[in-house]
Visitor: 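The structure that follows is given in the form of structure tokens.
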Amino acid sequence: MATINDNYLKLKAGYLFPEIARRVNAFAAANPEANIIRLGIGDVTEPLPEACRTAMIKAVEEMGDRATFQGYGPEQGYAWLREAIARHDFQARGCDIDASEIFISDGSKCDCGNILDIFGANNTIAVTDPVYPVYVDTNVMAGHTGEANDRGEYGGLVYLPISAENGFTAEIPSQKVDLIYLCFPNNPTGATASRAHLQAWVDYAKTHGSIIFFDAAYEAFITNSDLPHSIYEIEGARDCAIEFRSFSKNAGFTGTRCALTVVPKTLMGKAADGSEVEVWKLWNRRQSTKFNGVSYIVQRGAEAVYSPAGQAQINALVSFYMENARIIREQLTAAGFQVYGGVDAPYAWVQTPHGLTSWDFFDKLLHGCNVVGTPGSGFGAAGEGYFRISAFNSRANVDEAMKRITSKFKAD
Ligand SMILES: *Cc1c(COP(=O)(O)O)cnc(C)c1O
């Protein structure tokens, strides 16, 4: 019999979202009249910007004409899209990033996992706790960890706890780690990183020869003009960081699929014989071999994000969600909750009241208010006692959910 990749057996059985669905479905079956509002899963709710739709419709028409038809495109993405990204997202913010260092893909989630293809099996890997589960699970699948303990922590990973005490930014470790995952603005905590914090990480990485995987999926939600949007705004980051970005959250592309990864040509890794190798060359080789590019139609849609109309429309989208976040933050604070995040990120990270566990609070909110959120403990052991509320919803749903929660918890 053919053998399997046994590392998959180490995975915790996709516990968080299936367990939420199980509890919500059981409640809905027992209470068919309940109007349940879901502020749990981090998916967008507003439709695609008009500029993107118009560009995609035009691209569909081009595909129907022999003169403008497109077959396989470049595996790295079309130059016109990579150049627009380099100019608007990086060079305009003073980042020394060239279009040739940008790789278009069908998602940041995919790239975060795929990037492990080009790194060795013996790296020491650090993640924050709580954390976006994709970083951990892809390392488990790749065989970079041992088994999980009863707290759900995998052997071999270095967990950096983040909490209110450290402003949800990890202490720079005293030991040497080779690969570090950072996500700012953060999912799930909504926390941001100052320039000084990122500079400390870059200095650490340069000292130890480490590489930072910087997930900037939520950079468009930054409202504080002092905060960096890209790791490449930090001196020295070209030599130690890969950045992941996505059109999913800023432009509503979660179902359309388009993202990008930046690999600077000055970033080096070490081969078994001790020689230094350009990481860019390996990623380019990997993508050329295992990936055939994002559809022409979708890349034209993404390009339209950078048109004047597209910029106005995505700014309006982001402002809409951030107004939801403001309402959530202010209403919950007024009801006596301790609320973090929700200022530069579409997530509020709420301390559970009266020392309730994350799951007990989940049940209380579901049964008492018919509102669904995400238990913080699902993102890691240090998320216990917290709860994530997403701003991705209609204004009517956010208003109604906040009305229910404040009236219930003010009375308690
Ligand atoms: C939503 C999200 C992404 C984007 O993933 P896509 O595959 O591009 O849709 C990346 N990182 C984090 C932390 C996210 O929450």
Side-chain angles (χ1 to χ4, degrees), residues 14 16-17 20 39-46 48-49 52 77 81 85 89 102-116 126-139 160 162 168-170 180-193 212-222 229-231 241-262 287 291 293-295 298-299 301-302 305 314 317-318 321-322 325 341-342 344-349 373-374 376 378-380 383 388-393:
L16 179 60
F17 290 104
I20 290 174
L39 300 179
I41 295 176
D43 195 0
V44 296
T45 53
E46 297 305 298
L48 273 185
C52 302
L81 176 56
I85 293 167
D89 287 343
I102 293 171
F103 294 81
I104 307 301
S105 80
D106 58 346
S108 277
K109 177 164 134 176
C110 328
D111 284 354
C112 283
N114 292 338
I115 199 80
L116 295 176
V127 293
T128 63
D129 178 10
V131 71
Y132 181 53
V134 173
Y135 312 149
V136 172
D137 288 358
T138 52
N139 275 291
L160 308 172
I162 53 174
F168 301 98
T169 52
I180 303 141
Y181 289 85
L182 296 179
C183 175
F184 289 112
N186 188 256
N187 177 9
T189 67
T192 55
I212 297 168
F213 293 155
F214 190 76
D215 186 342
Y218 296 96
E219 62 76 31
F221 295 84
I222 292 175
H229 286 237
S230 167
I231 188 90
I242 289 173
E243 182 163 306
F244 302 98
R245 289 216 181 184
S246 174
F247 294 97
S248 282
K249 310 299 168 28
N250 65 339
F253 272 52
T254 54
T256 307
R257 312 304 304 145
C258 197
L260 58 118
T261 290
V262 183
Q287 291 298 81
F291 187 57
V294 174
S295 109
V298 168
Q299 291 192 62
V305 162
I314 67 160
L317 260 186
V318 166
Y321 292 127
M322 291 315 290
D344 297 290
Y347 298 113
W349 186 244
T374 315
F379 298 100
R388 192 190 75 176
I389 295 189
S390 161
F392 292 125
N393 217 307

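As the structure lists them, so they are numbered: ligands from 1, and atoms in each ligand from 1. Please read all numbers here as calculations on a predicted model, not as lab measurements.
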Visitor: Apply the ring-ring contact (aromatic ring centres under 6.0 Å, His included) test between Tyr181 and each candidate in Tyr135, Phe214, Phe244; give the one that qualifies.
Guide: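 Answer after filtering Tyr135, Phe214, Phe244: Tyr135.
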Visitor: Starting from atom 5 (O) of ligand 1, which protein heavy atom do you reach first, and at what distance in Å?
Guide: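 Of every protein heavy atom, Lys109 N, 3.6 Å lies nearest to atom 5 (O) of ligand 1.
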Visitor: Please check whether Tyr135 reaches ligand 1 - meaning an N/O of the residue sits under 3.5 Å from an N/O of the ligand, judged on distance alone.
Guide: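 Looking only at distances, the answer is no, because the N/O contact criterion of under 3.5 Å is not met.
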Visitor: Side chains of Asn187 and Arg388: is there a donor and an acceptor less than 3.5 Å apart?
Guide: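 A pair is found: one side chain offers a donor N or O, the other an acceptor, under 3.5 Å apart.
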Visitor: Could you check atom 7 (O) of ligand 1 against the protein and tell me its nearest heavy-atom contact, residue, atom and distance included?
Guide: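 The closest heavy atom on the protein side is Arg257 NH2, 2.7 Å.
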Visitor: Check whether any heavy atom of Phe253 sits under 4.0 Å from an atom of ligand 1.
Guide: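 Phe253 does not count as a contact of ligand 1 under the 4.0 Å cut-off.
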Visitor: Show the atoms of ligand 1 that are less than 4.0 angstrom away from any heavy atom in Gly107.
Guide: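 Those of ligand 1 that fall under 4.0 Å from Gly107 are 7 (O), 8 (O).
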Visitor: Passes side chain to side chain donor-acceptor pair (under 3.5 Å), Ser230 versus Glu243? Steps please.
Guide: CA-CA 8 Å; Ser230 167; Glu243 182 163 306; 2.9 Å; yes
Visitor: Check side-chain hydrogen bond (donor to acceptor under 3.5 Å, both in side chains) between Gln287 and all other residues, then give those that pass, not counting sequence neighbours.
Guide: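 Applying side-chain hydrogen bond (donor to acceptor under 3.5 Å, both in side chains) to Gln287 gives none.
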Visitor: Look at atom 15 (O) of ligand 1 and say which protein heavy atom is nearest, naming residue and atom and giving the distance to 0.1 Å.
Guide: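 Result for atom 15 (O) of ligand 1: Tyr218 OH, 2.6 Å.
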Visitor: List every atom of ligand 1 that sits less than 4.0 Å from any heavy atom of Ala217, numbering the atoms from 1 in the order shown and giving each element.
Guide: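 Those of ligand 1 that fall under 4.0 Å from Ala217 are 3 (C), 10 (C), 11 (N).
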Visitor: Look at atom 14 (C) of ligand 1 and say which protein heavy atom is nearest, naming residue and atom and giving the distance to 0.1 Å.
Guide: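 Heavy-atom neighbour on the protein nearest atom 14 (C) of ligand 1: Lys249 NZ, 3.3 Å.
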Visitor: Among protein heavy atoms, which sits nearest to atom 9 (O) of ligand 1, and what does the distance come to when rounded to 0.1 Å?
Guide: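 Result for atom 9 (O) of ligand 1: Ser248 OG, 2.6 Å.
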Visitor: So which protein heavy atom does atom 11 (N) of ligand 1 come closest to, and at what separation?
Guide: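 Answer for atom 11 (N) of ligand 1: Asp215 OD2, 2.7 Å.
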Visitor: Show your working on side chain to side chain donor-acceptor pair (under 3.5 Å) between Asp111 and Ser108 and close with a plain yes or no.
Guide: CA-CA 5 Å; Asp111 284 354; Ser108 277; 5.8 Å; no
Visitor: Identify the two heavy atoms, one from Thr138 and one from Gly113, that lie closest to each other, and give their separation to 0.1 Å.
Guide: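 Closest approach of Thr138 to Gly113: CG2-CA, 3.5 Å.
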Visitor: Which residues satisfy the side-chain contact (heavy atoms from CB on, under 4.5 Å) test with Leu317, sequence neighbours excluded?
Guide: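 Per chain and number, Leu317 pairs via side-chain contact (heavy atoms from CB on, under 4.5 Å) with Glu46, Pro49, Tyr321.
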